[in-house]
There are 2 protein chains.
Amino acid sequence: MAERSDAARNRALIIEAARELITEPGELKLSAVAKRAGLGQGTLYRHFATREELVRALYDREIDELVALADRLLGEHSPDEALRRWFTHLAAYARVKFGVIAAVEASVWHDIGAQTPGKLGEALTALLTAGRADGVLRDDVDSRDVILLSWFLAHVEEEEWAERTPRLLAVLLDGLTTR
Amino acid sequence: MAERSDAARNRALIIEAARELITEPGELKLSAVAKRAGLGQGTLYRHFATREELVRALYDREIDELVALADRLLGEHSPDEALRRWFTHLAAYARVKFGVIAAVEASVWHDIGAQTPGKLGEALTALLTAGRADGVLRDDVDSRDVILLSWFLAHVEEEEWAERTPRLLAVLLDGLTTR
DNA sequence: ACCTGAACACCGTTCAAGT
DNA sequence: ACCTGAACACCGTTCAAGT
């Protein structure tokens, strides 16, 4: 069953409008999203039955990019260097995307973590497996452990980011490394 | 200016009602809090002008207890043992309190972290200073670093808590320790 | 001074009518 | 099939009247 072209276009308009509005202070009002997209309230509701569905659509794309990056880094670098670089990119994504998005909806904080068994979890598992095979990583941590430990990224403030994040990532990587 | 006794009593009733309701699934409805407390809507609003003020009142007490604990542990144990034990208690508090409370209000996630320069930050600084003096801790991390790294605690699920948290705390402490 | 609770305002959700 | 937007419902906030 192919999607009608106007439906597909409207879906894109909604996501675009939400992407713009979510960076603004205050809540993300669904009525404002519909208005900015130039659509009726009911149309928004047809595409995204809850606010959570809409917010999830916003960050799904970012997760796909992180997954693709893990594959590429593993092909180009040693396991520990790949993990180190991937963390740095994760940090950059978290700063811009997850922080802003999740500030809108408390339940999303929960769901990003719960989603780990998906593609993101597999990508991270690949990184960890390579590192363990090399003997540089603890052998008792899994991908969910690492996702959990990375939550701090969502709470670092803009103005302290540059000074604090490299050190925090170093502490975390140190803790994951075998002595 | 002393508080009128009925006002003090009502304030306590509100906090008590909110404490009970916040553990239930779904949002914390202010109207439900007023109803359970047996008070009018306006009375709730007089005491707590925003939902955030109410939620903050709920976890302020918990923070006080953590602060007192840090002092006591430093008097009774070696610096690294004190830090280790304090982390374990922090984990227990985070599990029961912060996770439930912050799930209700996204902005609270933000504010718990921003509050670090307060009493909690001082208590943690005392722990870190003692550890550094002993030469067991990295000398470039501060109390806010540790608070940020502890955020994972709020995202561990009930059923995985026992298996995962000890390992995650070990990774974190390992990262904070000098090699 | 503080409390009450009905009235108001805001915004998410629904649905009858239109294309 | 999908879209529109007015109507509805829910809940946070306010305020005139009461104690």
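Within every chain, numbering begins at 1; the chains are lettered A, B, ... in the order of the sequence lines, protein sequences first and strands thereafter.
- Between A/Thr50 and A/Glu53, the closest side-chain pair of non-hydrogen atoms falls below 4.5 Å.
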Completion exercise
In 5'-to-3' order, the base (B), backbone-only (S) or no-contact (-) status of each nucleotide in nucleotides 5-19 of chain D, using a 4.0 angstrom heavy-atom cut-off, is B-----SSBBB----

Exercise for the section: Go through the steps to decide whether B/Phe87 and B/Thr165 satisfy the test side chain to side chain contact (heavy atoms under 4.5 Å, CB included), and finish with yes or no. Expected result: CA-CA 11 Å; B/Phe87 261 118; B/Thr165 305; over 6 Å; no

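- The phosphate of C/dC2 (OP1 or OP2) has no side-chain N or O of B/His47 nearer than 4.0 angstrom.
- Smallest separation of non-hydrogen atoms from A/Asp174 and B/Arg138: OD2-NH1, 4.4 Å.
- Consecutive Watson-Crick or G-U pairing (both distances under 3.5 Å) extending over three or more pairs maps onto DNA chain C as C:4-8 with D:12-16, C:12-16 with D:4-8.
- Taking atom CD1 of residue B/Ile14 and atom P of nucleotide C/dC2, one finds them 13 Å apart after rounding to whole Å.
- At a threshold of 4.5 Å between non-hydrogen side-chain atoms, the residues B/Val141 and B/Leu149 do not count as touching.
- The phosphate of D/dC2 (OP1 or OP2) has no side-chain N or O of A/Asn10 nearer than 4.0 angstrom.
- Tested against A/Arg144, the residues B/His155, B/Glu160, B/Glu157 include a single side-chain hydrogen bond (donor to acceptor under 3.5 Å, both in side chains) partner, B/Glu160.
- Looking at heavy atoms from C-beta onward, A/Leu90 lies in side-chain contact with A/Leu66 at the 4.5 angstrom threshold.
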Exercise for the section: Would you please test A/Leu83 and A/Asp80 for side chain to side chain contact (heavy atoms under 4.5 Å, CB included) and show each step? Expected result: CA-CA 5 Å; A/Leu83 186 60; A/Asp80 67 322; 5.6 Å; no

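- Whole-Å rounding puts the A/Arg11 CZ to D/dC3 C1' distance at 16 Å.
- Annotation for B/Ala92 and B/Trp161: closest pair N-CZ2, 4.4 Å, computed over non-hydrogen atoms.
- Regarding B/Leu13, its CG atom lies at a distance of 14 Å from the C1' atom of C/dC2, rounded to whole Å.
- If you take CZ of A/Arg46 and P of D/dC3, they are 6 Å apart, rounded to a whole angstrom.
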